[in-house]
**Student:** 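Submitted below is the structure of interest, expressed as structure tokens.
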Amino acid sequence: MKTTSPRIAYLLLTLTALFWSGNFVLARAMHASVAPMTLSFARWAIALCLLLPFGLRPAWQQRALWLPHWRRLLLLALLGVTGFNSLAYWGLQYTAATNAVLLNSFIPILIVLFGALFFGMKIGRRQALAVGISFIGVLFIVAHGDWHRLAALDINRGDAVVFLAMVAWALYTLLLKPLPATLDRIGLLTVLVAIGLVGIVPLFVAELASGRHTPLTSSTLATFAYVGTLPSVAAYYFYNLGVARVGAARAGMFIHLMPGFGAVLSMLFLGEALQWYHLAGIGLILSGVVLATRAGKS
């Protein structure tokens, strides 16, 4: 951990944003073929199989370090593995991948807001204004630029569910930082994935019981292979390293790379186009982030 330079941490966080953008786009592309809880379960089952050979030993050897934090680890797993992914995949059944990756840009502001409300982080007037501006940007996206939809509560449920996933991730990021820096990150990730996978099981079983089944074809297997490797094992490991090295706020800022990556991938593979309300919303969100960043430095 101590040998990870800020530049390397920034590179890893950039790759994290790329891998997660691909995850959103692929989940949307396969939403008609792959049931959301099946995708979530397959993703983390594959990830756990890949992690166990490398993470089981350090997790066991460092049990005296992480066992005292078992409540925090349980919450981290339920938020970052069970909750975030299941909600995101469920939301992507009903909304465009472009909308989903743009909503990710609100996460850094949620980190500031929740940090002030629940974690003792100080927030000034400028940061409060930044939160307000960014929130208006989110409303622009979920209302598709039509304020009458807000008044009538006519919000795409997919956008609403994806936004709940963003809330879960912001809380995950804030809860991650206080863990001991000496914890082996592969071991920690293995523990979190194992706990989170247990949380996904009842959702997966309920989905099967409802009659929603996913056929095992070359396309679905390729989807499982991608989501179980790069956006899971690699991206989560990189993100955990980044948070530990540069802090939750700076690491969260790299999520703003997702709209760019996601928009390009969505245009290339899904034929989606950016609408004016996407651009207006992301402009407001980024304005809020810049304002919040400057407020943190003043």
**Student:** Has T220 got a side-chain atom pairing as donor or acceptor with T217's backbone, closer than 3.5 angstrom?
**Tutor:** yes
**Student:** Mind running side chain to side chain contact (heavy atoms under 4.5 Å, CB included) on F238 and T14 for me, showing each step along the way?
**Tutor:** CA-CA 9 Å; F238 293 167; T14 300; over 6 Å; no
**Student:** Is the backbone N or O of S219 less than 3.5 Å from a side-chain atom of T223, with the two atoms forming a donor-acceptor pair by type?
**Tutor:** yes
**Student:** Whether the side chain of N240 engages the backbone of L189 through a donor-acceptor N/O pair (distance < 3.5 Å, no angle test) should be reported.
**Tutor:** no
**Student:** Mind checking side chain to side chain donor-acceptor pair (under 3.5 Å) for R72 and listing every partner two or more places apart, or none if nothing turns up?
**Tutor:** none
**Student:** What residues form a side chain to side chain contact (heavy atoms under 4.5 Å, CB included) with L78, not counting sequence neighbours?
**Tutor:** L74, T82
**Student:** Does Y226 reach the main-chain N or O of F19 with its side chain, forming a donor-acceptor pair under 3.5 Å?
**Tutor:** yes
**Student:** T190 and L52: side chain to side chain contact (heavy atoms under 4.5 Å, CB included), yes or no, with the steps?
**Tutor:** CA-CA 7 Å; T190 302; L52 282 174; 4.0 Å; yes
**Student:** Aromatic rings W44 and Y236: how do their planes relate, parallel, tilted or perpendicular, breaks at 30° and 60°?
**Tutor:** perpendicular
**Student:** Can you list every pair that meets ring pair (Phe, Tyr, Trp, His ring centres under 6.0 Å) and has a residue in residues 176-211, with sequence neighbours left out?
**Tutor:** F41-F204
**Student:** Is there a donor-acceptor pair under 3.5 Å between the side chain of R245 and the backbone N or O of A9?
**Tutor:** no
**Student:** Quick check: closest heavy atoms across L270 and A97, and the distance to 0.1 Å?
**Tutor:** CD1-CB, 3.8 Å
**Student:** Looking at every heavy atom in both A100 and F24, which two are closest together, and how far apart are they?
**Tutor:** CB-CD2, 3.4 Å
**Student:** Among T38, T229, N85, find the residue that satisfies the side chain to side chain donor-acceptor pair (under 3.5 Å) test when tested with R43.
**Tutor:** N85
**Student:** Before giving the answer on side chain to side chain contact (heavy atoms under 4.5 Å, CB included), spell out for I200 and S86 the whole-Å C-alpha distance, their side-chain angles and the decisive distance to 0.1 Å.
**Tutor:** CA-CA 8 Å; I200 295 170; S86 299; 4.1 Å; yes
**Student:** Using a 4.5 Å cut-off on heavy atoms from C-beta on, say whether the side chain of P178 contacts that of H69.
**Tutor:** no
**Student:** Carefully, step by step, assess L216 and F224 under the rule side chain to side chain contact (heavy atoms under 4.5 Å, CB included).
**Tutor:** CA-CA 10 Å; L216 294 180; F224 294 157; 4.0 Å; yes
**Student:** Do T95 and D159 pass the side chain to side chain donor-acceptor pair (under 3.5 Å) test, and can you show the C-alpha distance, the side-chain angles, and the key distance before you say yes or no?
**Tutor:** CA-CA 6 Å; T95 192; D159 290 339; 2.5 Å; yes
**Student:** For residues 262-269, run the donor-acceptor check on the side chains, cut-off 3.5 Å, and write out each pair with its distance to 0.1 Å, sequence neighbours left out.
**Tutor:**
residue : atom : partner : partner atom : Å
S266    : OG   : G262    : O            : 2.8

**Student:** On the 0 to 90° scale, with breaks at 30° and 60°, tag the W20-F84 ring pair as parallel, tilted or perpendicular.
**Tutor:** tilted
**Student:** With a sphere of 6.0 Å drawn around OH of Y277, does it hold more than 12 non-hydrogen atoms of other residues, nucleotides or ligands?
**Tutor:** yes
**Student:** Which value, rounded to the nearest 0.5 Å, describes the distance between I186 atom CD1 and L241 atom CG?
**Tutor:** 8.0 Å
**Student:** Where do L92 and A27 come nearest, in terms of heavy atoms and distance?
**Tutor:** CD1-CB, 3.7 Å
**Student:** Show me, pair by pair, the donor-acceptor contacts under 3.5 angstrom made by side chains of residues 58-67, not counting sequence neighbours?
**Tutor:**
residue : atom : partner : partner atom : Å
Q62     : OE1  : D184    : N            : 2.6
Q62     : NE2  : T182    : O            : 3.0
R63     : NH1  : W60     : O            : 2.7
W66     : NE1  : A59     : O            : 2.6

**Student:** Just by modelled atom types, is the M30 backbone N or O under 3.5 Å from a matching donor or acceptor in the S33 side chain?
**Tutor:** no
**Student:** Rounded to the nearest 0.5 Å, what separation is found between the OG1 atom of T16 and the CG atom of L230?
**Tutor:** 10.5 Å
**Student:** Could you list who else is in L203's hydrophobic cluster, with ILVMFWY side chains joined at under 4.5 Å, directly or through other members?
**Tutor:** M37, L87, W90, Y94, V161, L164
**Student:** Is the closest side-chain heavy-atom distance between V81 and Y172 below 4.5 Å?
**Tutor:** no
**Student:** Work out which heavy atom in V34 is nearest to a heavy atom in Q93; give both atom names and the distance.
**Tutor:** O-NE2, 3.6 Å
**Student:** Please report the closest heavy-atom contact between M166 and L103, naming both atoms and the distance.
**Tutor:** CG-O, 3.8 Å
